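Sequence lines set the chain letters: A, B, ... in the order given, protein chains first and strands last, and positions in each chain run from 1. On a predicted model such as this, the values are computed, not experimentally measured, just so you know.
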Amino acid sequence: MFTAEELQRYDRQIMIYGFGEAGQEKLKKAKVFLAGAGGLGSPVAIYLTAAGIGTLRIADHDKVELSNLNRQVLHWEENIGKRKVDSAAAKLGKFNPGVKIETIAETITEANISRLVGDSDLIVDAMDNLPTRYLLNKTAIQKGIPFFHGAVYGFEGRAMTVLPGKTACLNCLYHGASVPKEKFPVIGVTPAVIGCIQATEVIKYIVGLGELLTDRLLNFDALRMKFNEFKINRDPNCEVCGNKAKRVKKK
Amino acid sequence: MSVNVEISSIFGRYTGNVLNMKVEGKTVRECLHDLVRQFPDLKRMLLDGDGNLMHSYDYFINGESVYPKDMNRPLKDGDKLNIIFVIHGG
């Protein structure tokens with residue numbers, strides 16, 4: 001059931017063939033865990049909030065810094081020094097009061113991740129490091145919930161969607177590859193594109209429309225304004241989602 | 001035997017912005033070694049001391065991931081090898 005105001009707010013997406021009020025209802029009931037409120041997290045949060053997601057649980061342990069502002073569009077100069085989750089919640093709450101915003105200002109670790117994700121329906125990867133991404137991927141597989149991966153560097157970005165037990169996971173793709181922990185170059189337009197792709201995938205998954213970026217890695221090269229797509233074959237020996245991986249039954 | 005290589009724009013500064021090139025080799029290893037022979041500045045980025053692809057890079061053959069990752073995997077004439085950097089920012 002929608003209020004008259006909700007029907008007006010979401011009128012243009014309800015009009016989309018295959019979306020309808022039924023699709024809007026699915027969005028309204030959905031609970032999203034967003035890991036990161038930075039360059040990727042900002043557009044993901046903005047567009048999921050605009051679309052009327054039910055609950056957005058945002059986890060980020062950082063405070064806003066001046067060097068964030070070239071790309072983290074949820075945060076402004078007046079927010080420097082404040083917790084990112086608080087800055088994000090304040091803006092998103094004004095943007096769409098109908099969305100429930102939950103904030104977690106904790107570092108995501110192996111010890112707390114299951115508790116932080118809780119009963120969320122899916123996980124969005126808006127992280128800035130690989131180890132936590134691998135942890136999110138593993139948790140999604142263990143909980144049996146989808147994982148929406150995104151990453152950026154300079155003018156290049158990537159996205160992939162993981163459906164546990166069905167499609168290739170992040171470990172099938174990278175096999176635990178590591179990179180040196182150092183600050184990375186990035187311009188705002190790159191996470192803007194990738195974050196919007198991730199938000200699009202989330203919406204499509206929840207509403208049940210279109211084809212997801214499963215078993216596919218979408219690579220965006222903004223310098224050449226080119227999208228490449230790589231087929232990602234699920235690795236049967238993947239230690240996270242493969243035959244030998246330990247499983248926890250989804251509730 | 002000739003293999004087509006495409007590298008990420010991230011590597012453009014090491015190749016004079018040449019991102020598509022042909023290399024000679026029968027295996028992934030031989031092709032990567034010919035790649036760094038043509039573009040020596042790439043060598044320290046891509047290959048470790050044993051001549052293997054460094055852990056922060058990955059490759060696809062004809063647009064697909066392959067398992068297991070084996071530097072001695074054979075390639076055919078006309079195959080396409082994409083080399084990507086494992087990106088981590090957000």
Side-chain angles (χ1 to χ4, degrees), chain A residues 35-41 44 71-72 125-133 149-158 168 172-186 190-191 194-195 215-217 219 221-224 226 228-238 242, chain B residues 3-21 28-29 31-32 41-50 52-76 79-90:
Chain A
L40 286 172
V44 172
R71 65 197 183 280
Q72 300 186 14
D125 168 14
M127 282 283 98
D128 60 359
N129 67 87
L130 275 175
T132 312
R133 285 191 159 97
H149 165 65
V152 293
Y153 189 96
F155 276 99
E156 191 159 327
R158 306 209 176 110
C172 295
L173 170 61
Y174 286 141
H175 289 271
S178 60
V179 293
K181 191 173 166 61
E182 55 192 15
K183 69 179 180 181
F184 57 91
V186 64
T190 313
I194 299 300
D215 295 324
R216 300 189 280 156
L217 180 71
N219 191 76
D221 181 340
L223 286 177
R224 293 189 283 175
K226 188 174 167 183
N228 266 359
E229 191 176 301
F230 299 109
K231 184 176 187 307
I232 308 303
N233 295 306
R234 196 172 167 208
D235 183 357
N237 295 315
C238 174
Chain B
V3 168
N4 302 301
V5 171
E6 182 172 0
I7 60 173
S8 169
S9 290
I10 293 169
F11 303 129
R13 70 180 115 158
Y14 304 112
T15 63
N17 279 326
V18 174
L19 304 178
N20 289 277
M21 56 281 281
V28 172
R29 184 187 302 279
C31 287
L32 287 178
D41 288 341
L42 274 181
K43 186 174 183 180
R44 64 181 176 83
M45 298 297 300
L46 291 183
L47 302 181
D48 64 20
D50 295 325
N52 295 318
L53 192 63
M54 290 225 249
H55 209 42
S56 47
Y57 300 94
D58 203 353
Y59 65 85
F60 300 97
I61 298 175
N62 297 327
E64 278 192 47
S65 63
V66 292
Y67 306 113
K69 294 287 180 188
D70 182 357
M71 290 285 285
N72 297 318
R73 179 178 286 274
L75 295 168
K76 300 188 303 296
D79 273 349
K80 183 169 183 182
L81 189 60
N82 279 85
I83 314 293
I84 67 165
F85 177 49
V86 176
I87 62 177
H88 62 284

Neighbours of chain A found in residues 80-87 of chain B - heavy atoms under 4.5 Å =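 The list, in residue order, reads Asn82(B), Ile84(B), Phe85(B), Val86(B), Ile87(B).
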ask   = Is Arg234(A) salt-bridged to Glu64(B), going by a charged N under 4.0 Å from an acidic O?
value = no
Part of [X] lying under 4.5 Å from any heavy atom of chain B:
X         : answer
Leu223(A) : side chain
Arg133(A) : side chain
Val179(A) : both

message = Would you say NZ of Lys69(B) has more than 12 non-hydrogen atoms from neighbouring residues, nucleotides or ligands within 6.0 angstrom?
response =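 More than 12 heavy atoms, drawn from other residues, nucleotides or ligands, come within 6.0 Å of this atom.
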query = What residues form a salt bridge (charged side-chain N to carboxylate O under 4.0 Å, His left out) with Arg73(B), not counting sequence neighbours?
reply = none
key: Which residues share a salt bridge (charged side-chain N to carboxylate O under 4.0 Å, His left out) with Glu229(A), sequence neighbours left out   = Arg216(A)
ask   = Does Tyr153(A) reach the main-chain N or O of Ile10(B) with its side chain, forming a donor-acceptor pair under 3.5 Å?
value = no
key: Short side-chain to backbone donor-acceptor contact, Asp128(A) and Gly89(B), under 3.5 Å   =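 The answer is no, because no donor-acceptor pair under 3.5 Å joins these two groups.
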inquiry  = Using side-chain heavy atoms (C-beta onward) and a distance below 4.5 Å, is Asn228(A) in contact with Glu6(B)?
reply    = yes
inquiry  = I want to check something: taking the side chain as every heavy atom from C-beta on, are Tyr67(B) and Cys172(A) in contact at a cut-off of under 4.5 Å?
reply    =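 They are in side-chain contact.
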note = Closest non-hydrogen contact found for Ser56(B) with Ser178(A) is CB-O, 3.1 Å
key: Minimum heavy-atom distance between Ser8(B) and Glu156(A), given as atom pair plus value   = OG-OE1, 2.6 Å
If you round to the nearest 0.5 Å, how far is [atom2] of [Y] from [atom1] of [X]?
X         : Y         : atom1 : atom2 : value
Ser9(B)   : Asp221(A) : OG    : CG    : 3.0 Å
Leu173(A) : Phe60(B)  : CG    : CZ    : 5.5 Å
Lys226(A) : Leu19(B)  : NZ    : CG    : 8.5 Å

query = Pick from Gln72(A), Arg71(A), Met127(A), Arg158(A): which one has the most heavy-atom pairs with chain B under 4.5 Å?
reply = Arg158(A)
request  = List in chain and number order the residues that pass side-chain hydrogen bond (donor to acceptor under 3.5 Å, both in side chains) with His88(B), two or more places apart in sequence or in another chain; answer none if no residue qualifies.
outcome  =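 side-chain hydrogen bond (donor to acceptor under 3.5 Å, both in side chains) check on His88(B) returns nothing, list empty.
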